[in-house]
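To start, the structure under review is shown below, and the notes come after it.
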Amino acid sequence: MFKKVGKKILREKLINEEILEIIQRNMMPMNELMAYYRCAIMEVETKFKVLNEEFSLQYDRNPIENIKSRLKSTDGIIRKLNRKELPFSLESIEENINDVAGVRVICSFPEDIYMLAECLLSQDDIKLIEKKDYIKNPKESGYRSLHLIIEVPIFLKNEKKSMKVEVQLRTIAMDFWASLEHKLRYKKSIDPEEAEIISKELIECSEISASLDKRMEEIRNRIEKKC
Ligand code: 0O2
């Protein structure tokens, strides 16, 4: 009796170990790819921090208020592959999902957004893949930001790898607006009629906030001319 129970436990243990090994074998390359994206985020963050530091030394002001970075969750990656009807493979992720690594740069003024984007893109190790200017051409929702899909090299033990990173540059006001609008988009329980009213209100707020950005920038420029 005890011999039988012992054998069963041993078999279950072996099966569990086998499953664990299969999971680990498949998890390893995914974890490795995610680590590469994390390294790419670090590279891009450092580039912006260096630019901020240089500006602070030269002009006694910081164009960057804040940098927020995120790695897309595995769930998010799978949902996007599914939505776009793309194959589930590491190659497919690298080739088709441009925003696994995301760096959001928050500035005080719109002019700084373009200045920082230009500085980044002029660096000889940065390759621009795609640029979407939702500041000059805001989305129907009222969304404003400058999006850059870039490729940045990361230097590993024995190789150099190019990784894609999505950079979103926006002002504090644009970021404030996008955070609130994001809440509305993901709120499933909201009444459709109310959602429609709020959407219209948000479009109006986006225009007000863009004109505030412009006025504040003009004031900043007038102050700087006087100094
Ligand atoms: P999250 O959680 O921020 O990552 P894509 O689907 O990315 O291949 P698409 O749709 O052309 O191509 O990308 P787009 O619109 O250039 O950029 C997508 C990202 O921009 C979104 O990421 C948001 O972060 C932001 N964004 C774009 N439009 C809006 C908008 O109307 N409102 C807000 N609040 N954010 C927006 P994700 O993956 O949707 O979400």
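Just so you know, ligand 1 is whichever comes first in the structure, and atom 1 is the first atom listed for that ligand. Both backbone and side-chain heavy atoms feed into the values below; hydrogens, waters and symmetry mates do not. Quantities reported herein were computed from a predicted structural model and do not represent experimental measurements.
At least one protein heavy atom sits closer than 4.0 Å to atom 32 (N) of ligand 1.
Between the side chain of S145 and the backbone N or O of H147, no donor-acceptor pair lies under 3.5 Å.
Heavy-atom separations between R104 and ligand 1 include at least one value shorter than 4.0 Å. For R185, the closest heavy-atom approach to ligand 1 falls below 4.0 Å.
The closest heavy-atom contact to atom 13 (O) of ligand 1, among the options K132, R79, R83, comes from K132.
The salt bridge (Lys or Arg N to Asp or Glu O under 4.0 Å) search around E181 returns R185, not counting sequence neighbours.
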For residues 81-91, which side-chain N or O atoms pair as donor and acceptor with protein atoms under 3.5 Å away, sequence neighbours left out?
| from | atom 1 | to | atom 2 | distance (Å) |
| --- | --- | --- | --- | --- |
| S89 | OG | S92 | N | 3.1 |

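Scanning all protein heavy atoms for the shortest distance to atom 17 (O) of ligand 1 gives H147 CE1, 3.3 Å. If you check which protein heavy atom lies closest to atom 10 (O) of ligand 1, you get K139 NZ, 4.5 Å.
On a distance-only criterion, E181 and ligand 1 share at least one N/O pair closer than 3.5 Å. The distance criterion of under 3.5 Å between nitrogen or oxygen atoms is not met by W177 with respect to ligand 1.
Residue-ligand proximity, K72 to ligand 1, at heavy-atom distances under 4.0 Å covers atoms 4 (O), 38 (O). Those atoms of ligand 1 that come under 4.0 Å of a heavy atom in D99, given as number and element, are 38 (O).
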